[in-house]
Amino acid sequence: MITLKSALNKSEEELKEIKAQIIAKVKDNIELNAYIGEIQASAGGVPILIKDNINVKGWEITCASKILKGYISPYNAHVITRLHENKMCAFGRANMDEFAMGSTSESSCYGRVKNPLDTSRVPGGSSGGSAAAVAAGLAIASLGSDTGGSIRQPAGFCGCVGLKPSYGRVSRYGLIAYSSSLDQIGPITQNVEDAALLLDAISGYDERDSTSANLPSLNTFKDLDSNARYKIAIFKNFLKDASPKIQEAYHQTIKTLESMGHSIIEKDMLDLSYHISTYYIICTAEASSNLARFDGVRYGSRAKGDSLKDLYYNTRSTYFGDEVKRRILLGSFVLSSGYYDAYYLKAQQVRKKICAQYEEIFNECDIILLPIAPDVAPKFGAMHSPLEMYLSDIYTIGVNLAGLPALSMPVAKDANGLSIGMQLIGAKFKEQNILNAAYGLEKELAL
Ligand code: GLN
């Protein structure tokens, strides 16, 4: 597939041809189930695939949930407006985990997405459709959202580059909220240059998002420098949860970075299991509140009920999937009086500690290198319980708790051709550093 960088130099006529080719290719690869709904453009420009939780005016938006079926967006998300201002357009809907809750893209009401590298395996989640389409050559680039790893982990499983921007860098206006203090929209692309281009296009201050950072707009593409050298922190004490393949790739990546002239500094960090419990308390609490609006009155599907209460009850019981219900229950529990102090408040305190630890590391280092997931993409059905799935988020969720930018990129392939990815984590608003380091590493590895 043509890269975003070259597509941006094409004429509208040539882009029409590319769009027609994409539609034909998607039809040929229907079994991947990466695209849902009709493929259409919302304007002229380079076609970008959009996750089904980002509003595009006039398009159906469902978050891959039955509860939102038939709901048409009345407005464009900020990122969509920014695409239009930068010679790009929304083109096609990407499949995902229901309401972006998950790590495998199996919970969509449209059916699961498959990994193009091995269709018996998951593509990762929740932006599984966004990553699978880019990896399969069905999209030039896509937008996903990352609350606890949902851009980086599917990009890692499918062999793409995925970038989660700093919290506040990209406006959340028009992104259907899962966990508002953690969510960020970001690019999934074929290479680092394209990630920089797409990040530059979608980032920038937006007064409609009260958490948007009022900073000068980014120019990371123009400033990309593969010769910049950094102090890179590594955590050996984190590796016990990773498979031998991932451990080997981590050590190999450290060696490569060192041979390129980066300085490697060994660090320790709080037990990662705290990241998991803190994240799952905060995200479920916020989700239970955010999803309260889907009651059958204002949006999408409505079940019958004799009273208003019955209508709410029947709509939510019928149209939410199991994982979403589980999280609403968990979230309501940790917020309920009697448990609030024991769980929610504690989690907020631990979150502060986690942020402080990252800050301390970034006083001395520029970048942290970590695996993305404990293993390569698992087979369908390999996760035996929701808890097992939650535990597999161990390497990605700390970044969201601290609002940091992180880029995931492929660094190796295993014997079966499955992608192994690593992530470069930066200090807040230092996207340029991780893009530069990734650009250099990508050139060096030449995979
Ligand atoms: N797997 C994590 C979760 O289920 C992350 C999801 C995401 O980033 N949207 O919450």
Side-chain angles (χ1 to χ4, degrees), residues 50-54 63-65 94-108 112-113 122-131 142-157 162-165 167 170 172 175-188 272 275-288 290-291 320-331 334 347 351 371-375 377-378 382-383 385-408 421 423 425:
I50 310 294
K51 188 174 177 178
D52 194 28
N53 58 355
I54 300 173
C63 291
S65 179
N95 203 352
M96 58 184 277
D97 272 306
E98 185 178 4
F99 279 103
M101 298 171 183
S103 314
T104 59
S105 296
E106 290 173 292
S107 68
S108 163
R112 62 197 191 182
V113 185
V122 306
S126 63
S127 312
S130 304
S142 61
L143 291 184
S145 65
D146 192 312
T147 305
S150 280
I151 288 176
R152 289 162 287 152
Q153 185 254 31
F157 282 177
L163 175 61
K164 182 235 166 247
Y167 187 74
V170 176
R172 291 181 294 111
L175 168 70
I176 294 188
Y178 158 19
S179 179
S180 317
S181 77
L182 302 163
D183 299 338
Q184 269 293 286
I185 300 172
I188 297 182
L272 277 194
H275 289 208
I276 303 260
S277 19
T278 307
Y279 171 83
Y280 275 97
I281 290 170
I282 291 173
C283 77
T284 54
E286 292 184 12
S288 72
N290 277 324
L291 271 60
F320 276 140
D322 287 349
E323 186 56 33
V324 174
K325 285 181 191 160
R326 184 175 298 120
R327 295 193 188 203
I328 292 173
L329 288 173
L330 256 171
V334 298
R351 183 177 190 176
I372 297 164
D375 209 343
M383 301 264 181
S385 69
L387 184 63
E388 204 176 315
M389 185 174 77
Y390 301 166
L391 292 173
S392 72
D393 293 333
I394 190 156
Y395 294 121
T396 47
I397 52 191
V399 163
N400 301 69
L401 289 168
L404 305 173
L407 179 147
S408 80
Q423 57 177 333
I425 303 167

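Predicted model, so just to flag it, every value in this text is computed and none were measured. Atoms within a ligand are numbered from 1 in the order they appear, just like the ligands themselves. Excluded from the calculations below are hydrogen atoms, water molecules and symmetry mates; all remaining heavy atoms, backbone and side chain alike, are included.
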Could you check whether any side-chain heavy atom of I188 comes within less than 4.5 Å of a side-chain heavy atom of S127, counting everything from C-beta outward?
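In contact.
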Hey, what's the ring geometry for Y390 with Y280, parallel, tilted or perpendicular (30° and 60° as the breaks)?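 Y390 and Y280: parallel rings.
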| field | Those residues that, when tested against L391, pass side-chain contact (heavy atoms from CB on, under 4.5 Å) (two or more places apart) | value |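 L391: side-chain contact (heavy atoms from CB on, under 4.5 Å) contacts with I276, L387.
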Could I get the full list of side-chain contact (heavy atoms from CB on, under 4.5 Å) partners for T396, not counting sequence neighbours?
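With neighbours one apart ignored, the set is R152, I372, D393, Q423.
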Practice task
For ligand 1, list the protein residues that place a heavy atom within a distance below 4.0 Å of one of its atoms, sorted by chain and number.
Solution key: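 For ligand 1, the contacting residues are A100, M101, G102, S103, S126, D146, T147, G148, G149, S150, Y178, Y279, Y280, R327, D393.
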Between N53 (side chain) and C63 (backbone), is there a donor-acceptor pair under 3.5 Å?
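No.
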What salt bridge (Lys or Arg N to Asp or Glu O under 4.0 Å) pairs are there with at least one residue in residues 279-288, not counting sequence neighbours?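 Not a single pair qualifies under salt bridge (Lys or Arg N to Asp or Glu O under 4.0 Å).
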